[in-house]
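The first residue in the sequence is number 1, and the count goes up from there.
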Amino acid sequence: MFYQLEDEFVSISADEISKNILTIGYMRCDELEKKYKDFGFSTQSFEESRKNEMLFSPVLKLYDDYILIKLDIKELDLRAVLFVAKNLFLAITFEKSKANYRDIFMDIISRAKNTKANEERIIACFLEELMDSYKNLIEMLQTELLDLEKTVFDECTDNNFNKKLLDVKHQLLIFRDLYEQITELCERLDGNENELFEKQELICLEAAKSKAQRYRERIDLMRDSVNHIWDSYQAYLDIGLNQSMKTFTLLTTIFFPITIIVGWYGMNFRYMPELEWKYGYVYVIVVTIAIVAMFFLWFKKRKWL
């Protein structure tokens, strides 16, 4: 689908594209295979565009009169491939990519109506709209973090708490990678090495770069929250463990005298007066209960129980 800017953006077909009028559009990779030479793209750049690879930094390939941009983050199912030439901005879609180009392009067109549209502004708008498309997911992660924090303070954690917290941390790292890549991309585009852009117009990329940095700072704050929640959870576990150890220690202390009595009367001495005494058995029971009660009341008074 293509849109050409005359007095306003109008929908056109690929055959109606004019190199003298600003055109933005998106098409499937298999469609581009049939048309890339018509756009003036080389076979090398087309083959590069459809490579599916793990990227830790954005790809920015410079050619004589156009550039190729790639953002590929598998964990987000994001494959963003852009061809940018004079008066042309083309996005390539892939089957497994979840990037909704239609919504992004509608927003770009809506924003471009109120500004002087050019390639630099279109790139900036595209990157900003791409970042905003993940805003709801980040807000969901923030809500999940608040819920996890509440479960720690309410002492309602379950056996899956560790996994939930680590999942949130992993997703935050993925989003941080996205914003790092977009920041790097804006910096490299600002270099304008093949002089495709007007230097005075590159200032609009600063807005996209600033937005990426703000998102990254927000992610960093959320990662700090993950660390604080983890520390609180560990403190909660330590308190529970200390309480258990305290309980076991007190029980051991209470029943220690009884252990001595059991050991004493378990010795095989022939002459033990209590063994022949009529009330010897009751006597030992009373002494045992008295000792346990005495220790229990003492610990209670000290508020150890």
TODO: Using the six-membered ring wherever Trp is involved, compare the ring planes of W230 and Y233 and label them parallel, tilted or perpendicular (cut-offs 30° and 60°).
DONE: tilted
Task: Residue pair E149 / F153, side-chain heavy-atom distance below 4.5 Å - done: yes
With rounding to the nearest 0.5 Å, note down the distance linking [atom1] in [X] to [atom2] in [Y].
| X | Y | atom1 | atom2 | result |
| --- | --- | --- | --- | --- |
| I69 | L62 | CD1 | CG | 9.5 Å |
| E187 | L60 | CD | CG | 12.0 Å |
| I12 | I21 | CD1 | CD1 | 8.0 Å |
| L221 | R218 | CG | CZ | 9.5 Å |
| I219 | D224 | CD1 | CG | 11.5 Å |
| I92 | L68 | CD1 | CG | 9.0 Å |

Of the non-hydrogen atoms in [X] and [Y], which two are nearest, and what is the gap between them?
| X | Y | answer |
| --- | --- | --- |
| L205 | E120 | CD2-O, 4.1 Å |
| S57 | Q181 | C-OE1, 3.6 Å |
| S18 | Q4 | N-NE2, 3.0 Å |
| R79 | R50 | NH2-O, 3.3 Å |
| R121 | C204 | N-SG, 3.6 Å |
| S13 | F2 | C-CD1, 4.4 Å |

Task: Pairs involving residues 69-93, ordered by first then second residue, that meet ring pair (Phe, Tyr, Trp, His ring centres under 6.0 Å) (sequence neighbours left out) - done: F41-F83, F89-F126
- [ ] Check the pair L173, D177 against side-chain contact (heavy atoms from CB on, under 4.5 Å), reporting the backbone distance first and the verdict last.
- [x] CA-CA 6 Å; L173 284 172; D177 181 40; over 6 Å; no
TODO: Run the numbers on I67 and L189 for side-chain contact (heavy atoms from CB on, under 4.5 Å), then give the verdict.
DONE: CA-CA 10 Å; I67 60 175; L189 284 169; 3.5 Å; yes
Just by distance, do the side chain of [X] and the backbone of [Y] share a donor-acceptor pair under 3.5 Å?
| X | Y | answer |
| --- | --- | --- |
| T23 | K19 | no |
| R216 | T183 | no |
| K61 | E48 | no |

[X] with [Y]: basic N within carboxylate O range, under 4.0 Å:
| X | Y | result |
| --- | --- | --- |
| E47 | K51 | no |
| D30 | R28 | yes |
| E31 | K35 | no |
| D147 | K150 | no |

For [X], is the [atom1] atom crowded, meaning more than 12 foreign heavy atoms sit under 6.0 Å from it?
| X | atom1 | answer |
| --- | --- | --- |
| D154 | CG | yes |
| M140 | CE | no |
| E206 | CD | yes |

TODO: Show your working on side chain to side chain donor-acceptor pair (under 3.5 Å) between Y36 and S49 and close with a plain yes or no.
DONE: CA-CA 11 Å; Y36 71 88; S49 71; over 6 Å; no
Task: Candidates Q171, K169, K163 - the one meeting side-chain hydrogen bond (donor to acceptor under 3.5 Å, both in side chains) with D167 - done: K163
TODO: Could you please spell out the steps behind the salt bridge (Lys or Arg N to Asp or Glu O under 4.0 Å) verdict for K86 and D65?
DONE: CA-CA 7 Å; K86 195 66 178 175; D65 53 356; over 6 Å; no
TODO: Using the salt bridge (Lys or Arg N to Asp or Glu O under 4.0 Å) rule, take E139 and K135 through it: C-alpha gap first, then chi angles, then the decisive distance, then the call.
DONE: CA-CA 6 Å; E139 289 174 354; K135 183 168 61 176; 5.5 Å; no
